[in-house]
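Bear in mind the structure is a predicted one, so any value in this text is a computation, not a measurement.
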Amino acid sequence: MGDNNTSGEHNAPGEHNQPTPGRKVRAVVVPLLGLIAVLVGVIVAWTNLQTNVGWFAYAPLSDTMFMGDNGSFVSKETQLGVGLAVLGLLVLAFWAGLRIGQRGSHSNR
């Protein structure tokens, strides 16, 4: 049991364990998903830049009440696209942080 070196704790200097196949897949899939989310978000936001902006006037003696939709000059589709792009950037930043952390932890051993 003690001779089985599966964790890589007792490797000689310069000797590294190969990553498992599951780790290789995650190392490719996670940044690819983040990049796809960024691209789709930018495309959705870019194609929906045109939005109609109306105006209203204050009528002090009117008995009607003005009801606006959301008071935003950016369409809901553009907001969705920007949110998706930000989510993709967060995934890429998280993945990059993990990769840098893994390199730093291996150099200290």
Side-chain angles (χ1 to χ4, degrees):
M1 277 184 15
D3 293 57
N4 191 0
N5 188 11
T6 57
S7 66
E9 293 175 356
H10 305 289
N11 287 345
E15 184 181 329
H16 300 288
N17 282 348
Q18 294 296 325
T20 61
R23 244 189 196 164
K24 286 182 183 179
V25 170
R26 280 184 278 163
V28 173
V29 171
V30 171
L32 189 63
L33 287 176
L35 187 62
I36 289 171
V38 169
L39 290 176
V40 168
V42 167
I43 290 170
V44 168
W46 189 265
T47 57
N48 293 305
L49 284 177
Q50 298 295 329
T51 183
N52 294 331
V53 177
W55 62 275
F56 64 94
Y58 175 67
L61 299 177
S62 173
D63 288 336
T64 62
M65 184 177 9
F66 172 75
M67 299 290 283
D69 57 352
N70 64 357
S72 174
F73 291 112
V74 181
S75 69
K76 289 181 180 20
E77 291 84 11
T78 303
Q79 291 173 357
L80 177 71
V82 170
L84 188 60
V86 167
L87 180 69
L89 288 173
L90 285 173
V91 167
L92 287 174
F94 180 75
W95 174 79
L98 282 177
R99 296 293 294 175
I100 290 170
Q102 287 174 352
R103 282 191 201 137
S105 67
H106 289 305
S107 66
N108 291 337
R109 289 185 181 172

- Are V42 and L89 linked, directly or through other ILVMFWY residues, by side chains that come within less than 4.5 angstrom of each other? yes
- Query: If Ile, Leu, Val, Met, Phe, Trp and Tyr residues are connected whenever their side-chain heavy atoms lie under 4.5 Å apart, and connections chain through other members, are L92 and V30 in the same group?
  - Reply: no
Identify all side-chain donor-acceptor contacts of residues 33-41 below 3.5 Å with residues at least two apart in sequence or on another chain.
none

- Message: For the NZ atom of K76 and the CG atom of N48, what is their distance to the nearest 0.5 Å?
- Response: 12.5 Å
- Would you give the length of the straight line joining atom CH2 of W95 to atom CG of L32, rounded to the nearest 0.5 angstrom? 10.5 Å
